[in-house]
Amino acid sequence: EVQLVESGGGLVQAGGSLRLSCAASGSTFDDYAIGWFRQAPGKEREGVSCIDSLDGTTYYADSVRGRFTISSDNAKNTVYLQMNSLEPEDTAVYYCVLGAFRPLTIYTFGEASFWDYWGQGTQVTVSS
């Protein structure tokens with residue numbers, strides 16, 4: 001079983017930055033991806049970004065590319081999401097996810113049903 005615990009959410013003004021962290025514990029797969037989804041009120045969950053443990057390849061949604069950066073510290077079993085130039089449209093609950101599905105592509109990473117484990121979520125609110 002895998003446990004994912006997010007931290008780092010909060011309230012920030014538009015144009016500001018936040019860094020989310022996700023600590024993974026328990027048994028993980030040898031070959032997996034870890035990343036972030038978000039869900040705004042009244043909207044479907046959206047894949048934000050993920051990183052492939054196999055080769056470090058990263059994927060981003062078009063809406064965040066160039067503003068968000070995903071990274072991982074394998075020694076700490078932690079993944080980070082650095083969010084810069086935040087916009088009110090980024091307001092959502094952000095979930096850490098982990099999964100072992102293949103192929104992992106720019107098209108498949110955004111499918112919520114493919115991911116095996118979800119964290120409890122952390123709220124990010126961007127004020128205008």
Side-chain angles (χ1 to χ4, degrees):
E1 190 70 18
V2 174
Q3 293 81 43
L4 303 171
V5 179
E6 304 99 334
S7 60
L11 173 64
V12 65
Q13 288 189 331
S17 299
L18 282 174
R19 189 177 82 155
L20 304 183
S21 300
C22 172
S25 61
S27 300
T28 60
F29 309 103
D30 291 335
D31 175 11
Y32 64 91
I34 188 167
W36 298 89
F37 268 68
R38 67 185 181 185
Q39 188 168 24
K43 294 188 177 181
E44 294 186 354
R45 290 187 177 186
E46 173 191 22
V48 175
S49 180
C50 74
I51 187 167
D52 191 337
S53 72
L54 197 62
D55 59 9
T57 301
T58 57
Y59 301 90
Y60 295 94
D62 288 343
S63 57
V64 307
R65 187 176 293 110
R67 300 187 298 121
F68 291 10
T69 302
I70 191 169
S71 61
S72 64
D73 184 334
N74 292 334
K76 295 182 178 179
N77 290 329
T78 300
V79 64
Y80 305 97
L81 186 68
Q82 178 65 44
M83 305 185 295
N84 298 330
S85 302
L86 283 161
E87 304 168 353
E89 293 73 23
D90 296 315
T91 295
V93 177
Y94 284 70
Y95 297 91
C96 183
V97 294
L98 187 148
F101 62 91
R102 295 291 170 182
L104 177 65
T105 72
I106 188 64
Y107 304 107
T108 63
F109 98 90
E111 178 55 55
S113 64
F114 287 175
W115 295 87
D116 300 288
Y117 298 98
W118 292 71
Q120 82 286 355
T122 186
Q123 177 70 46
V124 171
T125 302
V126 184
S127 63
S128 57

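Basis for what follows: all heavy atoms, side chains included, without hydrogens, waters or symmetry-related copies. Residue numbers run from 1 in the order of the sequence given.
Rounded to the nearest 0.5 Å, atoms CG (L4) and CD (Q120) are 9.0 Å apart. To the nearest 0.5 Å, atoms OG (S128) and CD (E89) are separated by 9.0 Å. A distance of 11.0 Å separates CD1 in I51 from CG in L81, rounded to the nearest 0.5 Å. For the atom pair CZ (R102) and CG (D52), the distance works out to 4.0 Å, reported to the nearest 0.5 Å. The CD atom of E6 lies 5.5 Å from the SG atom of C22; values are rounded to the nearest 0.5 Å. The SG atom of C50 lies 12.5 Å from the CH2 atom of W36; values are rounded to the nearest 0.5 Å.
For A40 against T91, the heavy-atom pair with the smallest separation is CB-O, 3.6 Å. Between R67 and S85, the closest heavy-atom pair is NH1-O, 3.0 Å. Considering all non-hydrogen atoms of both residues, A33 and L104 come closest at CB-CD2, 3.5 Å. When every heavy atom of T108 is checked against every heavy atom of P103, the shortest pair comes out as OG1-O, 2.9 Å. Minimum heavy-atom separation, G99 to D116: CA-OD2, 3.1 Å. What you find for G47 and A61 is that their closest heavy atoms are O-CB, 3.3 Å.
The aromatic rings of Y94 and F68 are tilted relative to each other, their planes meeting at an angle between 30° and 60°.
Taken together through direct or relayed side-chain contacts under 4.5 Å among Ile, Leu, Val, Met, Phe, Trp and Tyr, Y95 and Y32 form parts of separate hydrophobic clusters. Note: the hydrophobic cluster containing L86 also contains I70 (ILVMFWY, side chain heavy atoms under 4.5 Å, direct or indirect links). Cluster membership check: Y59 does not share its hydrophobic cluster with L20, using side-chain heavy-atom separations under 4.5 Å among Ile, Leu, Val, Met, Phe, Trp and Tyr. In terms of hydrophobic clustering, with Ile, Leu, Val, Met, Phe, Trp and Tyr side chains grouped at heavy-atom distances under 4.5 Å, F109 and W118 are assigned to a common cluster. Linking Ile, Leu, Val, Met, Phe, Trp and Tyr residues whenever their side-chain heavy atoms come within less than 4.5 Å leaves I34 and I106 in two separate clusters.
Looking only at atom types and distance, the side chain of R45 has a donor-acceptor partner in the side chain of Q39 under 3.5 Å away.
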Please step through side chain to side chain donor-acceptor pair (under 3.5 Å) for the pair E46 and S63, ending with a clear verdict.
CA-CA 10 Å; E46 173 191 22; S63 57; 3.1 Å; yes
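The backbone N or O of L11 lies less than 3.5 Å from no partner atom in the side chain of T125, so there is not a single donor-acceptor pair.
Remark: R19 is positioned above the aromatic ring of Y80, its terminal NZ or CZ atom under 6.0 angstrom from the ring centre and at most 45 degrees off the axis.
Counting only heavy atoms from C-beta outward, the side chains of R38 and D90 approach each other to under 4.5 Å.
Here F101 and W115 bring their ring centres to under 6.0 angstrom of each other.
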